[in-house]
Amino acid sequence: MHDTKKVRVRFAPSPTGSIHIGNLRTALFAWLFTKKEQGSFIVRIEDTDRKRLEEDSLEKIFKTLKWANLGVDEGVYLDKDSKVFQKGDLGPYIQSERLEIYQKYIQELIEQGKVYHCFCSEDRLKDVRQKQQLEKSPIMYDKKCRNLSSEEVTIKIKNGEDYVLRMKIPENEIVEFKDEVFGKISVKTEIIDDQVLMKADGFPTYHFAVVVDDHLMEISHIFRGEDWIPSTPKHVLLYKFFGWEIPSFVHLPNVLGEDKKKLSKRDGSASVEDFVKKGYLPEALVNFLALLGWNPKTEQEIFSSEELIEKFSLEGLNKAGGVFNYQKLDWFNKEYIKLMPEDNFKEKILEFLPAQFRTKVQENLEIFNRLLPIIKERIEKFEDVTKMWEVGDLEYYFKQPNYELEKILWKDEKDLKQTKIYLEEIAKLLNKIDNFEAEEIKSKIWDYATEQGRGSVLWPMRYVLSGKDKSPDPFVLAEILGKGETLNRLQYAIEKIA
RNA sequence: GGCCCUAUCGUCUAAUGGUUAGGACAUCAGCUUUUCAAGCUGGUAAUCCGGGUUCGAUUCCCGGUAGGGUCACCA
């Protein structure tokens with residue numbers, strides 16, 4: 001049963017901060033599905049909670065979408081100057097601009113007797129809840145105002161009492177819906193709360209706004225986190241109240257932290273911005289996230305977004321939540337770094353380098369260029385280059401390192417004088433090389449090293465060039481430093497010994 | 001506590017009513033012409049438990065257990 005209705009999926013963030021990693025994954029799946037089905041990917045802003053609005057949220061949200069390369073087809077956009085604009089025939093796409101619409105539809109429900117006025121104060125509700133908690137009975141509204149007479153209601157309204165509008169949940173019914181991921185889910189209406197649909201400030205709650213908007217915007221598939229499953233029956237009931245067609249639900253299993261609980265700020269960086277800052281590539285994060293909770297039924301791991309779109313299907317979606325594994329993300333990122341063109345890589349490295357190192361680089365571009373492959377095989381994410389700098393794994397390429405003389409000696413080798421002879425011989429051999437490349441250098445020195453004992457010769461050579469216990473091999477070091485500087489450092493050591 | 005959901009190596013996952021239960025990350029070991037990194041090769045490691053159904057269940061059903069989600073005038 002494949003309906004021919006156009007696929008329209010919305011991503012509906014609330015402007016209450018930056019995009020969470022779980023939100024991005026929801027958006028990604030929604031986007032992949034839309035692209036696969038050649039539908040529309042719509043962005044709607046759900047700003048009905050006036051208390052939690054955050055100033056620059058929209059900017060952050062759209063920046064993240066753009067970074068992740070999820071193109072928007074309809075709805076809300078941000079232009080270059082961060083000005084909001086909207087595109088599409090079924091708007092407005094910002095809920096706070098749709099108040100009259102909600103008003104109109106809630107009126108319909110009032111007339112049908114599907115909702116009722118509730119004058120209970122927040123304090124009273126809190127008390128009720130507290131009592132229920134103590135009694136370990138189900139926690140829900142006690143329906144105090146459900147049967148107020150219309151006269152009572154009129155009087156209270158006249159007196160200026162605040163009220164909300166609650167859903168009159170039918171009694172003794174079973175609400176059933178099909179979820180594309182979890183299958184059939186059914187719930188008795190007894191345990192469904194008389195949900196508030198309109199708040200005292202005249203704004204709709206999420207539950208009311210999504211249903212109205214999704215219907216009016218002709219959304220075909222509702223992608224959202226599995227946390228929404230418990231409130232879906234209320235939404236289904238609303239669709240029924242209005243006699244509207246019920247869209248497909250695609251509830252996505254949660255992204256979990258190491259503790260197996262829903263990923264949150266406590267797990268360190270849960271916001272996408274943090275991953276950007278750390279120097280993860282969007283392709284890597286996207287690839288990783290796509291494979292968390294979905295699988296293409298192949299053993300392939302690396303997918304371009306075109307491939308993801310092509311392979312994507314709802315059947316591959318998993319029910320169980322998945323732990324966000326940073327090590328695997330790092331692996332993906334490394335794979336994508338390997339695939340990067342040299343120029344892009346260089347640019348990115350420059351971007352992440354500490355200022356003082358950037359200066360050095362500009363003075364020694366040749367060395368830096370030769371150093372790039374070394375950096376490439378040693379970082380997982382771009383932030384790592386900062387760490388390389390901090391622990392001194394980069395500095396020695398640009399200036400004569402300081403070191404303790406004894407460390408020049410390889411293992412049991414005791415004779416500094418002998419080591420000096422090795423270094424002098426190395427210098428002599430290097431001097432004869434015109435084409436100063438690692439292979440060439442190696443071929444000149446290798447036999448000598450083998451003759452004398454490899455460690456005894458190569459360790460000092462490497463150590464003298466880097467001043468570090470750990471570093472790339474001496475031939476590569478020499479190539480990066482260049483003939484002149486290599487000989488300088490050899491000479492420096494020889495003199496130091498004498 | 002009520003309700004809902006979930007359950008394969010440590011992690012992400014594949015598979016089938018009959019397989020040596022496959023792959024990836026991580027881990028361990030070896031190799032790779034000194035150290036490190038990278039690479040290569042190999043190894044360790046999983047069907048939550050108990051009942052059914054069945055010739056045969058990891059797979060289907062039921063129960064338990066464990067974990068998670070949710071119970072706002074937040075989304």
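FYI, side chains are in, hydrogens and waters are out, and symmetry mates aren't considered; it's all heavy atoms of this structure. Since we're looking at a predicted model, the values are computed, not measured. Just so it is clear: chains get the letters A, B, ... in the order the sequence lines come, proteins before strands, and each one is counted from 1.
- When atom types are taken as modelled, the side chain of A:Asp194 and the backbone of A:Ile169 share a donor-acceptor pair closer than 3.5 angstrom.
- Figure legend: cation-pi geometry between A:Lys311 and A:Phe303 absent, as NZ or CZ is not positioned both under 6.0 Å from the six-membered ring centre and within 45° of its axis.
- Checking side-chain atoms of A:Asn325 against main-chain N and O of A:Lys328 turns up a donor-acceptor pair under 3.5 Å.
- Under the 4.0 Å criterion applied to side-chain N and carboxylate O atoms, A:Lys444 and A:Asp447 are not assigned as salt-bridge partners.
- The closest side-chain donor-acceptor pair between A:Gln300 and A:Glu307 falls under 3.5 angstrom.
- Comparing the P positions of B:rU8 and B:rA14 gives a spacing of 10 Å, expressed to the nearest Å.
- Within the 4.0 Å cut-off from OP1 or OP2 of B:rA15, at least one side-chain nitrogen or oxygen of A:Lys297 is found.
- Using a 3.5 Å distance cut-off with no hydrogens or angles, the side chains of A:Lys261 and A:Asn254 do not pair a donor with an acceptor.
- Put simply, CG on A:Asp384 is 14 Å from P on B:rA37, counting in whole angstrom units.
- Regarding contacts with the backbone of B:rU35, every side-chain N or O of A:Arg454 stays at 4.0 angstrom or more from both OP1 and OP2.
- Within residues 125-136 of chain A, the residues that have a heavy atom under 4.0 Å from RNA chain B are, in order of number, A:Leu125, A:Arg129, A:Lys136.
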Output one letter per nucleotide in nucleotides 38-49 of chain B: B when a protein non-hydrogen atom lies under 4.0 Å from the base, S when only the sugar-phosphate is that close, - when neither is. SS----------

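- Side-chain N/O atoms of A:Trp331 include one lying less than 4.0 angstrom from OP1 or OP2 on B:rC25.
- Base pairing annotation: B:rA72 forms no Watson-Crick or G-U wobble pair, as no partner gives both donor-acceptor distances under 3.5 Å.
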What string of B, S and - do you get for nucleotides 60-69 of chain B 5' to 3' if you count protein non-hydrogen atoms under 4.0 Å? --------SS

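- A:Arg166 comes within contact range of the sugar-phosphate backbone alone, with a heavy-atom separation under 4.0 Å but no base atom that close.
- With rounding to whole Å, A:Ile379 atom CD1 is found 21 Å from B:rC36 atom P.
- Across the protein-nucleic acid pair, A:Tyr141 atom OH and B:rC3 atom C1' stand 21 Å apart, rounded to whole Å.
- For the pair A:Ile139 CD1 and B:rU70 P, the interatomic distance rounds to 14 Å; values are reported in whole Å.
- In the interface, the side chain of A:Lys328 is paired with the base of B:rA24 through a donor and an acceptor atom under 3.5 Å apart.
- Between A:Lys234 atom NZ and B:rC3 atom P the separation is 16 Å, expressed in whole Å.
- Taking the six-membered ring for Trp and thresholds of 30 and 60 degrees, A:Phe275 and A:Tyr326 have nearly parallel ring planes, at less than 30 degrees apart.
- As a whole-Å value, the separation of A:Lys442 NZ from B:rU34 C1' is 12 Å.
- Taking the six-membered ring where tryptophan is involved, the planes of A:Tyr239 and A:Phe249 are perpendicular, since the angle between them exceeds 60° and thus also 30°.
- Proximity of a side-chain donor or acceptor of A:Lys468 to a complementary backbone N or O of A:Arg462 within less than 3.5 Å is not detected.
- Between the P atom of B:rC25 and the CD atom of A:Gln300 lies a distance of 14 Å, rounded to the nearest Å.
- Within the nucleic acid shown, A:Gln327 comes within 4.0 Å of sugar-phosphate atoms alone, with no base atom in reach, counting heavy atoms only.
- Contact between the side-chain N/O atoms of A:Lys199 and the OP1/OP2 oxygens of B:rA75 is found at a separation under 4.0 Å.
- At least one donor-acceptor pair closer than 3.5 Å links the side chain of A:Arg98 to the backbone N or O of A:Pro92.
- Side-chain contact between A:Leu458 and A:Trp410 is absent, with no heavy-atom pair separated by less than 4.5 Å.
- With B:rC74, B:rG23, B:rA75 as the candidates, the nucleotide lying closest to the side chain of A:Lys51 is B:rC74.
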Go through A:Tyr102 and A:Phe203 one step at a time and tell me if the ring pair (Phe, Tyr, Trp, His ring centres under 6.0 Å) criterion holds. CA-CA 8 Å; A:Tyr102 306 124; A:Phe203 277 75; 8.7 Å; no

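- Nucleic acid contact for A:Val196: sugar-phosphate only, since backbone atoms but no base atoms lie under 4.0 Å from a heavy atom of the residue.
- Across all strands shown, A:Ser14 has heavy atoms under 4.0 Å from sugar-phosphate atoms exclusively, and none from any base.
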